[in-house]
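Everything quoted here is computed from the prediction, not taken from an experiment.
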Amino acid sequence: MALFDKAWAIKTGGAFVLRIEDTDQARLVEGSEQQIYESLRWLGLDADESPEVGGPYAPYKQSERLDTYRPYVDQLIEAGHAYYCWCSGERLAQMRADQQASKQADTGYDRLCLGKTREERAALPGFSETPVVRMLIPEDVDLTFDDLIRGQVRAPMPDDQVILKADGFPTYHLAVVVDDHLMGITTVVRGEEWISSTPKHRLLYRWLGWDEPDYAHMPLLRNPDKSKISKRKNPAARLLWFREQGYLPEALRNFLQLLAYPPAEGDQEVSSFTEFVEQFDWSKISTVGPIFDTKKLDWLNGVYLRALPTDELADRIIEYALASGQLAEITPARTEVIRAATPLIAERLVTLAEAMPKIAFLFADDESLPINPEAVAKLTSDAPQALDAGIEVLGELDDWRTESIQSALKTRLVDEMGLKPKFAFAPERVALTGEQVSPPLFESMEILGKQATLARLRRLRELISAGGQSQ
RNA sequence: GUCCCCAUCGUCUAGCGGCCUAGGACUCCGCCCUUUCAAGGCGGCAGCGCCGGUUCGAAUCCGGUUGGGGAUACCA
């Protein structure tokens with residue numbers, strides 16, 4: 001949502017305002033506000049005005065604006081558009097249960113309190129000391145409105161919605177209208193689930209004599225089981241989860257864009273935020289709730305990873321390794337190795353999280369490098385000779401660069417000994433990295449250095465003799 | 001239950017009456033490249049939910065039906 005808000009704000013020269021709608025005391029969650037700021041910052045979608053940075057209409061947190069709402073409530077009551085209601089929660093629950101049971105068509109509030117004084121109402125059952133204030137929805141409410149994304153939309157008939165709660169807090173419905181008007185909001189972008197509330201909001205605008213904003217109701221993201229996305233069913237509902245998994249914010253941004261918006265000219269799926277803003281158009285947004293499937297994100301992340309300049313990618317790998325605990329601390333020596341190794345793994349990465357494990361062998365001790373027994377078991381009977389030859393030819397090599405290493409080994413193992421490259425280099429790979437699969441071999445040797453390379457080749461050679469090669 | 005929204009490959013989508021024997025991307029499967037794994041190149045599998053209408057002609061328009069989602073709170 002913020003993505004589209006921001007795009008629209010930039011495109012029209014407006015401001016992207018972040019307001020915290022914390023009118024439900026019972027649902028306050030520790031740290032969630034901070035998480036919102038953090039997520040937006042990470043994605044590069046910082047708000048122009050927010051509780052954090054302030055702005056001309058501060059405060060931007062509804063719990064700090066309680067005094068703002070009260071006068072409008074009184075105004076509505078005086079005008080006869082709203083009324084007090086003393087019905088207890090139990091009575092309302094009972095009323096709803098009865099309505100359900102009798103399969104009535106309309107299920108709204110039964111207006112028991114309408115037109116009654118406190119004393120009159122107190123004489124009836126289900127009375128609560130602290131009243132709420134409800135809107136008096138007229139028979140002829142306008143149920144249709146124009147939506148930027150969907151065109152003309154029809155919404156359900158609302159019931160007498162509570163606008164001021166017993167604890168003195170406004171409900172979302174009142175607060176959003178008052179704040180949007182006071183803060184000069186011109187475009188309301190929100191989830192599809194708000195379509196049914198829109199007639200109430202429009203009524204409030206009219207009663208208060210204010211100009212209405214435009215509405216854009218976005219489709220709802222869904223879990224793979226098609227239900228509305230939830231943090232319980234889907235860890236990905238928490239944006240920072242992606243940072244923890246090693247995704248790039250620019251890739252996630254691109255992915256989110258694709259989720260509800262068609263690719264740009266020429267089916268260009270990879271597009272920058274700038275390009276997105278340039279051709280942004282509400283009517284192009286899809287009306288279907290997309291399923292949040294991260295397969296495409298994996299691909300996109302790889303695309304963005306590969307597009308990064310080597311040093312920047314190395315920096316991001318280090319940053320991630322530090323934040324995730326893959327690396328306890330960074331030293332100049334480590335930085336150097338990581339930078340040297342980054343080009344080798346750049347096109348092999350899906351996420352930043354995979355980088356360190358792929359180059360862990362570069363940081364291991366020659367004597368304690370873990371060697372995967374399965375990798376050893378798959379070596380052929382040529383392995384001992386290949387290792388011996390490798391040790392010999394590399395031992396004589398002074399020019400320790402990738403090209404010389406490669407040509408020395410190739411000349412001896414492939415050209416002279418007649419081994420197939422596939423089998424010729426497998427033993428050195430296992431010796432060097434402990435695995436069958438690894439970053440490019442000769443480049444790794446160069447980074448590791450002559451001494452370490454030879455030590456590792458010898459170590460595997462001994463291991464094979466000691467273990468007794470079966471084939 | 002009632003009301004509202006939505007409906008093209010497994011997924012994200014293009015399509016807005018003929019250009020569609022439905023295009024692209026991801027995934028998956030082959031082949032090529034190749035010291036492993038990737039990346040890259042080439043190719044393949046796979047879809048207009050269903051039934052009626054409108055029309056010379058429907059993925060595109062209309063109605064119904066089915067399916068999915070949402071709302072129905074002193075939650076947002």
Phosphate contact (G40(B) OP1 or OP2) by Arg306(A) side-chain N/O below 4.0 Å: yes
Atom pair distance, as rounded to whole Å: CZ in Arg150(A) and C1' in A7(B): 13 Å
Nucleic acid footprint by protein, nucleotides 24-32 of chain B - heavy-atom cut-off 4.0 Å, B for base, S for sugar-phosphate alone: BBSS-----
Evaluation steps, salt bridge (Lys or Arg N to Asp or Glu O under 4.0 Å), between Glu374(A) and Lys378(A): CA-CA 6 Å; Glu374(A) 281 180 39; Lys378(A) 290 210 172 141; 5.3 Å; no
Phe280(A) ring center near Phe273(A) ring center (under 6.0 Å): no
Verdict with supporting geometry, Val153(A) and His217(A), side-chain contact (heavy atoms from CB on, under 4.5 Å): CA-CA 10 Å; Val153(A) 175; His217(A) 288 97; over 6 Å; no
Nearest-angstrom distance, C1' atom, C29(B) to C75(B): 48 Å
Within residues 21-40 of chain A: residues closer than 4.0 Å to RNA chain B (heavy atoms): Glu21(A), Thr23(A), Asp24(A), Arg27(A)
Side chain to side chain donor-acceptor pair (under 3.5 Å) involving Ser32(A) - partner list, sequence neighbours excluded: none
Partners meeting side chain to side chain contact (heavy atoms under 4.5 Å, CB included) with Glu212(A) (sequence neighbours left out): Arg202(A), Tyr205(A), Arg206(A), Tyr215(A)
Between U34(B) (P) and Phe442(A) (CZ): distance, integer Å: 14 Å
Sugar-phosphate only, base, or nothing, as touched by Arg154(A) at under 4.0 Å among non-hydrogen atoms: sugar-phosphate
Nucleotide C5(B), atom P - distance to CG of Leu143(A) in whole Å: 11 Å
Any Lys420(A) side-chain nitrogen or oxygen under 4.0 Å from OP1 or OP2 of U34(B): no
RNA chain B contacts among residues 337-348 of chain A, heavy-atom distance under 4.0 Å: Glu347(A), Arg348(A)
Nearest-angstrom distance from the residue atom CE of Met445(A) to C1' of U35(B): 10 Å
Whole-angstrom distance between A25(B) and U21(B), as gauged at atom C1': 22 Å
Distance flag, aromatic centroids of Phe276(A) and Tyr261(A), threshold under 6.0 Å: yes
Separation of U72(B) P from Ile195(A) CD1 (nearest whole Å): 13 Å
Nearest-angstrom distance from the residue atom CZ of Arg96(A) to P of C3(B): 19 Å
Under the ring-ring contact (aromatic ring centres under 6.0 Å, His included) test, residues paired with Trp299(A) that sit two or more places apart: none
Review item, side-chain donor-acceptor pairs of residues 420-431 of chain A, under 3.5 Å, at least two apart:
{"residue": "Arg429(A)", "atom": "NH1", "partner": "Ser438(A)", "partner atom": "OG", "Å": "2.7"}
{"residue": "Arg429(A)", "atom": "NH1", "partner": "Pro439(A)", "partner atom": "O", "Å": "3.3"}

Per-nucleotide protein contact string for nucleotides 58-70 of chain B, where B marks a base within reach and S marks sugar-phosphate only (heavy atoms under 4.0 Å, - for neither): ----------SSS
Sequence neighbours excluded, every pair satisfying side-chain hydrogen bond (donor to acceptor under 3.5 Å, both in side chains) that has a member inside residues 286-296 of chain A: Glu269(A)-Lys296(A)
All ring-ring contact (aromatic ring centres under 6.0 Å, His included) counterparts of Phe169(A), not counting sequence neighbours: none
C1' atoms of C31(B) and G69(B), separation to the nearest Å: 43 Å
Partner residues of Gln94(A) under the side chain to side chain contact (heavy atoms under 4.5 Å, CB included) criterion, sequence neighbours left out: Asp98(A)
Pairs involving residues 152-163 of chain A, ordered by first then second residue, that meet side-chain hydrogen bond (donor to acceptor under 3.5 Å, both in side chains) (sequence neighbours left out): Tyr83(A)-Asp160(A), Arg111(A)-Asp160(A), Gln161(A)-Lys200(A)
Pairwise P distance for U34(B) and A46(B), with rounding to whole Å: 32 Å
